[in-house]
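Everything quoted here is computed from the prediction, not taken from an experiment.
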Amino acid sequence: MAIEINSPNDLKVSPRLIKRLIKLYGDNKVSPAHTFVTVNFRDKDYDAESGGYQPVEIAITKELDGNHWDVVYISNFRYFGYPYAELEIELDFNFDHRSFLMAGRKPMPLNLNIVHDVYQLWERNFLSYVGLGAFDEIKISSW
């Protein structure tokens with residue numbers, strides 16, 4: 001399985017993250033007939049009051065050729081609000097729409113240097129957390 005990004009001019013997902021996604025895909029025996037996969041990373045102890053590792057969702061979709069996959073989006077969630085906090089998107093890298101959304105900000109195109117910097121920092125931290133076993137619940141859904 002090859003995972004690619006829609007455009008070579010947009011944000012680059014590192015080979016380390018792609019390798020991790022391929023391993024999860026293979027370990028979970030996703031049906032070859034399925035064309036859309038979401039991977040959810042959760043820290044069961046994460047909550048609005050005590051914090052923890054924020055949930056992440058990554059979606060990939062199969063190309064029409066059936067041999068390649070594109071990353072559709074990567075979303076990082078956190079609790080917002082007081083006293084009744086709700087889980088909402090904090091960071092969203094949307095490869096299909098070529099846009100980046102950060103809570104409280106206007107959407108920005110993926111090709112801005114600041115978006116590249118934020119993404120690289122986010123990805124480096126995320127892969128470190130995965131390596132530490134911070135996410136005790138990783139679920140794959142496909143259809």
Rounded to the nearest 0.5 Å, what's the gap from [atom1] on [X] to [atom2] on [Y]? Could you check?
X	Y	atom1	atom2	answer
Lys23	Arg20	NZ	CZ	7.5 Å
Trp69	Thr35	CH2	OG1	6.5 Å
Asp92	Ser99	CG	OG	6.5 Å
Gln120	Asn125	CD	CG	12.0 Å
Lys29	Ser142	NZ	OG	13.0 Å
Phe95	Asp70	CZ	CG	10.0 Å

Testing the basics here: between [X] and [Y], what is the closest heavy-atom pair and its distance to 0.1 Å?
X	Y	answer
His97	Asn94	N-OD1, 2.9 Å
Asp43	Phe135	N-CD2, 4.0 Å
Val115	Pro109	CG2-O, 3.5 Å
Leu112	His116	O-CD2, 2.9 Å

Inset, instruction - Carefully, step by step, assess Gln54 and Glu90 under the rule side chain to side chain contact (heavy atoms under 4.5 Å, CB included). - result: CA-CA 9 Å; Gln54 298 173 344; Glu90 177 182 40; 2.9 Å; yes
Taking the side chain as every heavy atom from C-beta outward, state whether [X] and [Y] have any atom pair closer than 4.5 Å.
X	Y	result
Asp136	Tyr46	no
Thr38	Tyr73	yes
Asn76	Ile89	no
Phe126	Leu17	yes
Val13	Glu123	yes
Ile138	Asn28	no
Tyr79	Glu88	no
Lys62	Phe36	no

Let me check something: do [X] and [Y] share a hydrophobic cluster, defined by ILVMFWY side-chain heavy atoms less than 4.5 Å apart, either directly or through other members?
X	Y	value
Ile22	Val71	yes
Ile74	Ile114	yes
Val118	Ile58	yes
Met102	Phe80	no

Inset, instruction - Would you please classify the geometry between the Trp122 ring and the Tyr119 ring as parallel, tilted or perpendicular, with 30° and 60° separating the classes? - result: tilted
Legend entry - Partner set under side chain to side chain donor-acceptor pair (under 3.5 Å) for Asp117, not counting sequence neighbours: none
Legend entry - Pair Tyr129 + Phe41: ring centers closer than 6.0 Å: no
Inset, instruction - Take Leu11 and Phe93, measure what side chain to side chain contact (heavy atoms under 4.5 Å, CB included) needs, and give me the verdict at the end. - result: CA-CA 9 Å; Leu11 215 50; Phe93 304 93; 3.6 Å; yes
Inset, instruction - Answer yes or no: does atom CG of Leu132 have more than 12 heavy-atom neighbours from other residues, nucleotides or ligands under 6.0 Å? - result: yes
Inset, instruction - In sequence, state the C-alpha distance, the side-chain angles, and the governing distance for Leu91 and Phe100, and then conclude on side chain to side chain contact (heavy atoms under 4.5 Å, CB included). - result: CA-CA 7 Å; Leu91 302 173; Phe100 168 67; 3.8 Å; yes
Legend entry - Stepwise side chain to side chain contact (heavy atoms under 4.5 Å, CB included) test for Glu57 and Phe77: CA-CA 8 Å; Glu57 181 172 291; Phe77 297 82; 3.9 Å; yes
